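Here is the structure we will look at, set down as structure tokens.
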Amino acid sequence: MFPVTSPITEIVASKGFYSFTPFADTGLLEREQITECEVVLADQRQLSPKQRNHIFALVSDISDYAAGIRLDRKHRQSWRDEMLRSLQLDYLIDVCDKEEVRRTLTYHYCQLRGIDWFSLAERTPATIDMSTARDFIDWLIELCIENGVPCSESLLNRCEDIRRYLYACILHRTCAICGRKADLHEVDRVGMGRNRREISHAGQRAQPLCRLHHQEAHDWGQQTFDTFYHLECIELTEELCKALGWKV
């Protein structure tokens with residue numbers, strides 16, 4: 001890190017911004033062969049009460065799920081440990097209460113992201129910012145989807161990035177509304193006489209829905225269905241098609 005004076009920044013509507021940072025010792029940059037720099041946009045907003053509530057609710061569901069595994073097989077310690085390891089939740093093996101689960105999940109998330117430990121308390125120097133809270137919530141949601149953690153309400157109501165949520169639901173065949181096992185509801189229909197196995201599905205719009213909600217989408221019409229559930233469609237990427245075993 002080299003000391004620099006405050007940058008001069010101009011924000012250009014609909015284009016981004018230009019930043020000029022005065023640096024007197026240009027010779028130092030040449031000697032060190034520094035040709036690139038990193039620009040970090042720091043979010044000065046602290047997490048909202050709604051985000052805090054969603055984090056605690058998700059932690060509570062994950063904690064109850066881990067505790068349920070313990071209660072169901074309380075005399076089979078090795079079975080419980082292996083189950084948690086198979087779900088990649090081995091860091092919860094020795095965790096007992098919900099507050100400890102929250103601290104453990106937070107620590108694990110910070111390790112994965114390479115960031116400093118943060119707090120959920122209000123107005124402290126370590127309080128999590130709104131952008132990090134957004135990513136943390138969606139990471140917890142992906143953890144629940146990937147491991148089949150039953151939740152007290154639809155994760156559709158908790159997600160911060162609905163497209164990221166739908167991607168995870170499609171990848172793990174989970175209904176975006178109720179969490180049951182899902183099939184793909186093809187918003188862009190294949191059409192008569194076309195073989196699903198022969199055509200490319202990349203770019204096609206779809207939603208992960210269980211049979212009940214799949215039928216509702218057909219019965220109500222797509223626009224009415226999406227408006228009622230505040231749902232969107234997602235375009236299938238080549239990566240998703242390959243994961244689902246569909247033609248790219």
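Just so it is clear, the structure is predicted and the values come from calculations on it, not from any experiment. Atoms considered below: every heavy atom in the structure, side chains included; atoms not considered: hydrogens, waters and symmetry mates.
- A donor atom on one side chain and an acceptor atom on the other are not found under 3.5 Å apart for Q204 and E235.
- Under 3.5 Å, the side chains of E232 and Q207 contain no donor-acceptor pair of N or O atoms.
- The main-chain N or O of V59 is never found under 3.5 Å from a side-chain atom of S63 such that the two would form a donor-acceptor pair.
- Contact of the R211 side chain with the C175 side chain is not registered, since no non-hydrogen atoms from C-beta on lie closer than 4.5 Å.
- Here L212 is tied to no hydrophobic group at all, with no ILVMFWY side chain closer than 4.5 Å.
- Around atom CD of E239, no more than 12 heavy atoms belonging to other residues, nucleotides or ligands sit under 6.0 Å away.
- Contact of the L28 side chain with the R31 side chain is registered, since non-hydrogen atoms from C-beta on lie closer than 4.5 Å.
- Residues forming a salt bridge (charged side-chain N to carboxylate O under 4.0 Å, His left out) with R164 (at least two apart in sequence, or on another chain): D135, E142.
- Transitive grouping of hydrophobic side chains (ILVMFWY, heavy atoms separated by less than 4.5 Å) keeps I115 and Y107 in distinct clusters.
- Remark: L58 CG to L105 CG distance equals 10.0 Å, nearest 0.5 Å.
- Other residues, nucleotides and ligands contribute only 12 or fewer heavy atoms inside 6.0 Å of the CG atom of D116.
- With sequence neighbours excluded, the residues that form a side-chain hydrogen bond (donor to acceptor under 3.5 Å, both in side chains) with S131 are D43.
- Under the ring pair (Phe, Tyr, Trp, His ring centres under 6.0 Å) criterion, H213 pairs with Y229, sequence neighbours left out.
- For the pair P150 and D61, the minimum side-chain heavy-atom distance is 4.5 Å or more.
- Here A133 pairs with L47, Q51, I128 under the side chain to side chain contact (heavy atoms under 4.5 Å, CB included) rule; sequence neighbours left out.
- You'll find the side chain of R134 stays beyond 4.5 Å of the side chain of W139, heavy atoms only.
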Carefully, step by step, assess L156 and I162 under the rule side chain to side chain contact (heavy atoms under 4.5 Å, CB included). CA-CA 7 Å; L156 180 61; I162 190 170; 3.9 Å; yes
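- H172 NE2 to I145 CD1: the interatomic distance, rounded to the nearest 0.5 Å, is 7.5 Å.
- We find the SG-CG distance between C110 and L112 to be 9.0 Å, quoted to the nearest 0.5 Å.
- Residues satisfying the side chain to side chain contact (heavy atoms under 4.5 Å, CB included) test with K50, not counting sequence neighbours, are S48, H54.
- For R173, there are no salt bridge (charged side-chain N to carboxylate O under 4.0 Å, His left out) partners at least two apart in sequence or on another chain.
- Residues F228 and L209 fall within the same hydrophobic cluster, defined by Ile, Leu, Val, Met, Phe, Trp and Tyr side chains chained together at heavy-atom separations under 4.5 Å.
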Would R158 and I141 count as a side chain to side chain contact (heavy atoms under 4.5 Å, CB included) here? Give the steps. CA-CA 8 Å; R158 296 178 181 172; I141 286 175; 4.1 Å; yes
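- Scored by the side-chain hydrogen bond (donor to acceptor under 3.5 Å, both in side chains) test, S154 finds no partners at all (sequence neighbours excluded).
- The side-chain hydrogen bond (donor to acceptor under 3.5 Å, both in side chains) search around R103 returns none, not counting sequence neighbours.
- Side chains of Y167 and R163 form no contact here, defined as non-hydrogen atoms less than 4.5 Å apart.
- Residues F56 and S60 are not in side-chain contact: their nearest non-hydrogen atoms beyond the backbone lie 4.5 Å or more apart.
- Rounded to the nearest 0.5 angstrom, L231 CG and I177 CD1 are separated by 5.5 Å.
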V187 vs Q222, side chain to side chain contact (heavy atoms under 4.5 Å, CB included): CA-CA, chis, key distance, verdict: CA-CA 8 Å; V187 178; Q222 192 65 50; 4.0 Å; yes
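- Between C210 and A182, the shortest heavy-atom distance links the atoms N-CB, 4.0 Å.
- For Q46, the side chain to side chain contact (heavy atoms under 4.5 Å, CB included) test picks out R123, T127, with sequence neighbours left out.
- A heavy-atom distance below 4.5 Å is found between the side chains of C144 and L155.
- Between H185 atom NE2 and E216 atom CD the span is 11.0 Å, to the nearest 0.5 Å.
- Applying the salt bridge (charged side-chain N to carboxylate O under 4.0 Å, His left out) test to D138 and every residue at least two apart in sequence or in another chain returns nothing.
- Listed by chain and residue number, D129 satisfy the side-chain hydrogen bond (donor to acceptor under 3.5 Å, both in side chains) test with T132 (two or more places apart in sequence, or in another chain).
- Side-chain contact between W117 and Y109 is absent, with no heavy-atom pair separated by less than 4.5 Å.
- We find the CD1-CG distance between I170 and D183 to be 12.0 Å, quoted to the nearest 0.5 Å.
- In this structure, R180 places its CZ atom where only 12 or fewer heavy-atom neighbours from other residues, nucleotides or ligands lie under 6.0 Å away.
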